[in-house]
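To start, the structure itself, in structure tokens.
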Amino acid sequence: QVQLVESGGGLVQAGGSLRLSCAASGSIVRIDAMGWYRQAPGKQRELVAVITTGGSTNYADSVKGRFTISRDNAKNTVYLQMNSLKPEDTAVYYCNADGLWVGSPNRLSYWGQGTQVTVSS
């Protein structure tokens with residue numbers, strides 16, 4: 001079994017901050033990268049930020065300078081510090097882990113259940 005459990009979502013006013021966490025557990029062989037995606041109603045899921053186990057990061061242009069992704073490899077946990085939140089950031093945020101898993105010879109991605117982030121104006 002593989003589980004990615006997110007926490008930290010909620011309701012916040014524009015300009016506020018939230019910190020999301022995602023912990024992976026289960027039949028892990030190796031996690032190469034973890035990231036955060038988001039999906040607003042009626043829109044496609046989009047990449048927010050990703051971090052490799054080596055520490056390399058990439059951010060969507062819309063969140064650069066406001067969001068920071070970090071990780072604790074020993075805990076298989078990724079964090080997303082979200083500052084200066086805007087109403088446009090409102091979405092369900094999903095954690096993703098990409099790597100090797102017990103029972104599969106190929107790399108696979110697993111998704112968390114999603115956590116709602118709502119930014120009011």
Side-chain angles (χ1 to χ4, degrees):
Q1 308 93 329
V2 176
Q3 291 189 31
L4 277 68
V5 179
E6 300 112 326
S7 63
L11 175 65
V12 65
Q13 292 186 8
S17 298
L18 287 172
R19 186 173 187 254
L20 306 183
S21 299
C22 173
S25 63
S27 303
I28 300 167
V29 177
R30 186 186 75 240
I31 296 177
D32 297 316
M34 298 186 77
W36 291 95
Y37 294 70
R38 66 187 181 187
Q39 187 168 20
K43 296 185 179 295
Q44 295 288 102
R45 189 173 298 184
E46 64 176 356
L47 174 71
V48 177
V50 64
I51 187 167
T52 70
T53 53
S56 298
T57 59
N58 287 103
Y59 296 90
D61 289 341
S62 59
V63 306
K64 287 181 179 177
R66 300 188 297 119
F67 292 9
T68 302
I69 190 168
S70 60
R71 87 294 182 197
D72 185 336
N73 290 336
K75 297 180 179 179
N76 292 318
T77 299
V78 64
Y79 308 92
L80 186 68
Q81 179 66 45
M82 304 186 293
N83 298 325
S84 301
L85 282 162
K86 304 175 180 179
E88 306 94 272
D89 296 317
T90 295
V92 177
Y93 283 69
Y94 296 91
C95 177
N96 175 269
D98 185 81
L100 292 172
W101 313 89
V102 174
S104 176
N106 304 310
R107 290 178 61 166
L108 294 172
S109 291
Y110 282 88
W111 295 92
Q113 79 285 354
T115 185
Q116 177 71 46
V117 172
T118 302
V119 184
S120 64
S121 59

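Just so we're clear, the structure is a prediction, and the values are computed from it rather than from any experiment. Heavy-atom basis, side chains included; hydrogens, waters and symmetry copies ignored.
Residues Asn76 and Ile28 are in side-chain contact: their nearest non-hydrogen atoms beyond the backbone lie under 4.5 Å apart. Here the side chains of Val78 and Cys95 are in contact, with some heavy-atom distance below 4.5 Å. Considering only heavy atoms from C-beta on, Thr68 comes within 4.5 Å of Tyr59 through its side chain.
Residues Ile31 and Thr53 come closest through the heavy atom pair O-CG2, 2.7 Å. Of all non-hydrogen atoms in Lys75 and Thr77, the two that sit nearest each other are O-OG1, 2.9 Å. Nearest heavy-atom pair across Leu80 and Ala49 is CD1-CB, 4.2 Å.
Distance CG/Leu47 to CG/Asn58: 7.5 Å, rounded to 0.5 Å.
One hydrophobic cluster, built from ILVMFWY side chains closer than 4.5 Å, holds both Trp36 and Val2. Using a 4.5 Å cut-off between side-chain heavy atoms of Ile, Leu, Val, Met, Phe, Trp and Tyr, with links allowed through other members, Val50 and Met34 fall into different hydrophobic clusters.
Residues forming a side chain to side chain donor-acceptor pair (under 3.5 Å) with Asn73 (at least two apart in sequence, or on another chain): none. For the side chain to side chain contact (heavy atoms under 4.5 Å, CB included) test, residues two or more places apart in sequence or in another chain that qualify with Asn96 are Tyr37, Asp98, Ser109, Trp111. In terms of the side chain to side chain donor-acceptor pair (under 3.5 Å) criterion, residue partners of Asp61 (sequence neighbours excluded) are, by chain and number, Lys64. Taking Asp89 as the reference, Arg38, Arg66 meet the salt bridge (charged side-chain N to carboxylate O under 4.0 Å, His left out) condition, with sequence neighbours excluded. Partners of Phe67 by ring pair (Phe, Tyr, Trp, His ring centres under 6.0 Å), not counting sequence neighbours: none found. For Gln3, there are no side chain to side chain donor-acceptor pair (under 3.5 Å) partners two or more places apart in sequence or in a different chain. Scored by the side chain to side chain donor-acceptor pair (under 3.5 Å) test, Thr118 finds Gln116 as partners (sequence neighbours excluded).
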Identify all side-chain donor-acceptor contacts of residues 7-24 below 3.5 Å with residues at least two apart in sequence or on another chain.
residue: Ser17; atom: OG; partner: Asn83; partner atom: OD1; Å: 2.8

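The list of ring pair (Phe, Tyr, Trp, His ring centres under 6.0 Å) pairs with a residue in residues 12-33, not counting sequence neighbours, is empty. Sorted pairs that involve residues 111-121 and meet salt bridge (charged side-chain N to carboxylate O under 4.0 Å, His left out), not counting sequence neighbours, are lacking altogether. Applying the salt bridge (charged side-chain N to carboxylate O under 4.0 Å, His left out) test to every pair with at least one member in residues 2-11, sequence neighbours left out, gives no pairs at all. Sequence neighbours left out, the pairs with a member in residues 79-107 that pass ring pair (Phe, Tyr, Trp, His ring centres under 6.0 Å) are Trp101-Tyr110.
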